[in-house]
Amino acid sequence: MSEIVNEAWKKYLVELQLNPLRTKAITAGVLIGTSDVVAQKISGVKKIQLRRVLLLMLYGFAYSGPFGHFLHKLMDLIFRGKKGKKTVAKKVLLEQLTSSPWNNFLFMMYFGLVVEGRPWGLVRNKIRKDFPSVQLTAWKFWPIVGWINYQYMPLQFRVLFHSFMASCWALFLNLKARSIAAKKA
């Protein structure tokens with residue numbers, strides 16, 4: 001079994017070198033899809049909502065992976081040649097003040113409009129109501145992920161690490177929502 005995993009990892013690394021954008025996009029799509037399947041199972045659904053999984057995979061493939069690819073390249077360009085904890089802190093701060101709110105807002109819009117198929121008025125009201133708490137909660141988790149990512153991850157692995165952590169984050173949020181719903185019942 002470990003031979004198969006090692007061989008797959010080697011092939012993944014080759015693809016990451018030869019086709020970094022495509023590989024990161026596919027990786028983000030697969031990870032968000034996998035995370036949603038697990039989240040649906042944890043929440044107790046009897047039948048996996050395939051349309052939802054595919055739409056989330058599309059989001060990861062078309063937006064999340066490519067955005068991460070170019071964001072991390074841009075960060076390295078902005079802070080070219082600068083190393084150290086001060087630079088890592090500046091990268092984390094810049095990311096948290098710019099892309100974090102944007103990504104949360106965009107995901108909430110996409111999820112409401114596309115995945116759930118809700119009308120704009122309902123989605124807008126949900127974002128107005130929930131965005132502040134979503135963003136404040138994100139600022140408790142993602143700066144730590146950002147620090148680890150910028151401090152320890154080589155550039156080519158940052159999107160993979162971020163996508164993996166996003167999958168864990170989604171599972172956490174699903175479990176939290178489930179426990180809140182159980183308390184209300």
Partner residues of Ile127 under the side-chain contact (heavy atoms from CB on, under 4.5 Å) criterion, sequence neighbours left out
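Applying side-chain contact (heavy atoms from CB on, under 4.5 Å) to Ile127 gives Phe105, Met108, Met109, Val123, Phe131.
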Quick one: do Val159 and Leu106 end up in the same hydrophobic cluster if we chain Ile, Leu, Val, Met, Phe, Trp and Tyr together by side-chain heavy atoms under 4.5 Å apart?
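In one cluster: no.
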Rounded distance [0.5 Å steps], [atom1] in [X] versus [atom2] in [Y]:
X: Phe161; Y: Met153; atom1: CZ; atom2: CE; answer: 4.5 Å
X: Lys126; Y: Phe111; atom1: NZ; atom2: CZ; answer: 9.0 Å
X: Trp139; Y: Leu136; atom1: CH2; atom2: CG; answer: 6.5 Å
X: Leu71; Y: Glu95; atom1: CG; atom2: CD; answer: 5.5 Å
X: Met75; Y: Lys73; atom1: CE; atom2: NZ; answer: 15.0 Å

Residues 58-70, side-chain donor-acceptor partners within the protein, below 3.5 Å, at least two apart:
from  : atom 1 : to     : atom 2 : distance (Å)
Tyr63 : OH     : Trp102 : NE1    : 2.9
Tyr63 : OH     : Asn103 : OD1    : 2.4
His69 : ND1    : Lys24  : NZ     : 3.0

Is there a donor-acceptor contact under 3.5 Å from the side chain of [X] to the main chain of [Y]?
X: Asn125; Y: Gly121; result: yes
X: Trp147; Y: Val88; result: no
X: Ser167; Y: Leu31; result: yes
X: Ser43; Y: Gln40; result: yes
X: Arg51; Y: Val115; result: yes
X: Asn104; Y: Gln135; result: no
X: Ser133; Y: Asp130; result: yes

Test Leu160 against every option in Thr23, Asn149, Thr27 by the side-chain contact (heavy atoms from CB on, under 4.5 Å) rule and name the one that passes.
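Only one option passes, and that is Thr27.
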Checking salt bridge (Lys or Arg N to Asp or Glu O under 4.0 Å) for the pair Arg52/Glu116: CA distance, chi angles, key distance, verdict?
CA-CA 8 Å; Arg52 174 178 145 156; Glu116 295 180 326; over 6 Å; no
Please assess Asp36 against Lys41 for the test salt bridge (Lys or Arg N to Asp or Glu O under 4.0 Å), listing each intermediate value before the final yes or no.
CA-CA 8 Å; Asp36 190 56; Lys41 282 297 187 186; over 6 Å; no
Mind running side-chain contact (heavy atoms from CB on, under 4.5 Å) on Phe157 and Leu13 for me, showing each step along the way?
CA-CA 10 Å; Phe157 294 126; Leu13 292 177; 3.4 Å; yes
If you count every heavy atom of other residues, nucleotides or ligands that lies below 6.0 Å from Ile144 atom CD1, does the total exceed 12?
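Incorrect, the count does not exceed 12.
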Does Phe141 CZ have over 12 foreign heavy atoms under 6.0 Å away?
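Yes, CZ of Phe141 has more than 12 neighbouring heavy atoms, counting only those of other groups under 6.0 Å.
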Charged N to carboxylate O below 4.0 Å: is that the case for Asp76 and Lys82?
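Here Asp76 does not pair with Lys82 in a salt bridge, since their nearest N and O are not under 4.0 Å apart.
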I'd like to know whether the aromatic ring centres of His162 and Trp142 sit less than 6.0 Å apart in this structure.
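Aromatic pair counts; centres sit under 6.0 Å.
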